[in-house]
S.K.: 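Structure provided below as structure tokens; questions to follow.
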Amino acid sequence: MPATAAAPAVPEGLRSWSVAWPAYSPVDITPAELRADGGLAESVREGWAEGATDPTMIDFAPRQAVALLPYLVVDGRPLNPIGRTGRTGRNLGLWGENAAADPVVIADTAAGPHVLLIRRSDCGQWAFPGGMVDPGETAPAALVRELCEETGVDLSDASPVVLARTYVDDPRNSDQAWVCSTVALFRVPVPLEAVGSDDALDARWFPFTSLDRLCGAITAEGGQLYAAHTPLLTTAHERLTWDEVA
Ligand code: RP5
């Protein structure tokens with residue numbers, strides 16, 4: 001993940017696009033490799049990102065029709081459905097919504113539930129072994145592909161439970177490009193062997209009797225939880241608690 005410039009804080013009352021804010025001046029987070037004046041780097045031409053440097057050249061109607069979260073397009077520009085972020089431009093593969101898939105893999109051990117996380121190579125933080133849904137791919141297929149690519153764990157025969165289709169507060173989000181994810185729960189009886197690979201530096205099972213316990217285990221070894229996944233972990237833990245009492 002290329003470094004993102006510090007964005008000006010957006011006061012809660014000015015977040016909505018329906019509130020006028022003439023002085024709004026978001027910081028442009030487009031990295032050099034996605035800029036027209038950077039000539040579009042080789043990696044872009046090879047396909048990790050779409051080549052358009054101007055979102056107004058894109059027909060968003062087909063994308064809006066399949067978006068996880070509805071969004072508006074005004075003057076040819078897609079508008080982040082949660083409102084102003086303080087950042088403009090694009091630091092993701094697509095303008096508008098970038099669909100991700102995040103597998104929450106839980107091992108039900110005698111010592112309580114453990115969750116499988118990977119250490120991201122871009123920021124070094126611990127996160128779900130998720131990733132972007134490829135063009136033409138379904139979210140269920142992306143869930144098992146990303147899990148297998150990043151940890152070596154193959155759960156292609158499992159039947160996951162979808163926990164959420166939700167916005168992700170990814171640090172690469174801007175007013176015109178953002179991440180939404182299909183988050184699904186996989187339960188396995190024992191911690192399966194997991195090895196960090198692809199863009200994961202490491203893969204590890206962490207105790208998940210509570211979010212505090214998980215954070216404690218991560219910080220005890222000098223690590224950090226990927227903050228954008230905290231709300232997703234909360235949802236997952238609520239589901240585990242619900243399954244226990246149901
Ligand atoms: C997060 O980034 C998503 O929740 C998903 O885990 C991940 C997708 O981006 P890459 O890992 O492909 O960079 O926003």
Side-chain angles (χ1 to χ4, degrees), residues 1-4 7 29-31 33-34 41 43-44 46-50 67-69 71 80-82 85 87 89-106 115-153 155 160 162-186 194 196-204 206 211 214 218 223-237:
M1 172 169 33
T4 50
I29 61 166
T30 311
E33 65 174 331
L34 292 179
S43 59
V44 176
E46 281 170 4
W48 85 263
E50 65 184 339
L68 294 182
L69 270 192
Y71 63 92
N80 189 313
I82 64 134
T85 62
R87 299 183 290 265
R90 174 177 60 130
N91 195 0
L92 289 161
L94 301 176
W95 293 100
E97 182 181 283
N98 288 255
D102 284 298
V104 184
V105 186
I106 301 292
V115 63
L116 178 58
L117 300 181
I118 54 102
R119 200 153 72 79
R120 292 180 61 96
S121 60
D122 54 2
C123 59
Q125 296 170 344
W126 290 94
F128 292 126
M132 297 301 177
V133 179
D134 284 341
E137 187 180 39
T138 63
L143 283 163
V144 292
R145 176 184 54 74
E146 285 288 342
L147 175 64
C148 196
E149 281 176 8
E150 297 197 346
T151 68
V153 171
L155 292 182
V162 174
L163 296 178
R165 293 185 178 90
T166 184
Y167 185 83
V168 179
D169 194 15
D170 190 291
R172 297 165 293 184
N173 288 349
S174 74
D175 292 350
Q176 285 86 40
W178 58 91
V179 180
C180 288
S181 182
T182 299
V183 185
L185 177 66
F186 296 75
S197 49
D198 196 41
D199 52 4
L201 299 175
D202 198 358
R204 197 93 61 82
F206 287 96
L211 190 56
L214 170 64
I218 291 174
Q224 229 186 321
L225 182 62
Y226 184 62
H229 284 173
T230 302
L232 312 186
L233 280 158
T234 301
T235 302
H237 194 266

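This chain uses plain numbering: 1 for the first residue, then up along the sequence. In what follows, every heavy atom counts, from backbone to side chain, and hydrogens, waters and symmetry copies are set aside. Numbering of ligands and ligand atoms starts at 1, following listing order.
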S.K.: Under 4.0 Å from any heavy atom of D170, which atoms of ligand 1 are there?
M.R.: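 Numbered from 1, ligand 1 contributes 1 (C), 2 (O), 14 (O).
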S.K.: Looking only at protein heavy atoms, identify the closest one to atom 8 (C) of ligand 1 and say how far it is in Å.
M.R.: G131 CA, 3.6 Å
S.K.: Against ligand 1, does R172 come closer than 4.0 Å with any heavy atom?
M.R.: yes
S.K.: Determine whether the aromatic ring centres of W126 and F206 lie less than 6.0 Å apart.
M.R.: yes
S.K.: Which of the numbered atoms in ligand 1 are under 4.0 angstrom from any heavy atom belonging to M132?
M.R.: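 Listed by number with element, the hits are 8 (C), 9 (O), 12 (O).
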S.K.: Among protein heavy atoms, which sits nearest to atom 3 (C) of ligand 1, and what does the distance come to when rounded to 0.1 Å?
M.R.: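 Ranked first by proximity to atom 3 (C) of ligand 1 is D102 OD2, 3.5 Å.
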S.K.: Set out, in order, the CA-CA distance, both residues' side-chain angles and the distance that settles side chain to side chain contact (heavy atoms under 4.5 Å, CB included) for R145 and D134, then state yes or no.
M.R.: CA-CA 10 Å; R145 176 184 54 74; D134 284 341; 3.5 Å; yes
S.K.: Which residue and atom name correspond to the protein heavy atom nearest atom 11 (O) of ligand 1, and how close is it?
M.R.: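 Sorting protein heavy atoms by distance from atom 11 (O) of ligand 1 puts R120 NH1, 3.0 Å first.
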S.K.: Just do the side chain to side chain donor-acceptor pair (under 3.5 Å) check on T85 and N80 with the steps written out, would you?
M.R.: CA-CA 8 Å; T85 62; N80 189 313; 5.3 Å; no
S.K.: Measure the shortest side-chain to side-chain distance between I218 and L214 over non-hydrogen atoms and say whether it is less than 4.5 angstrom.
M.R.: yes
S.K.: T166 and side chain to side chain contact (heavy atoms under 4.5 Å, CB included): which single residue from L69, V179, V183, T235 fits?
M.R.: V183
S.K.: Can V168 and N173 be said to form a side chain to side chain contact (heavy atoms under 4.5 Å, CB included), step by step?
M.R.: CA-CA 9 Å; V168 179; N173 288 349; 5.6 Å; no
S.K.: Taking only heavy atoms of H229, which atoms of ligand 1 are found under 4.0 Å from at least one of them?
M.R.: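 Result: 1 (C), 3 (C), 4 (O), 6 (O).
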S.K.: I need the atoms of ligand 1 closer than 4.0 Å to a non-hydrogen atom of V168, numbered in the order shown.
M.R.: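 Per the distance check, 4 (O), 14 (O).
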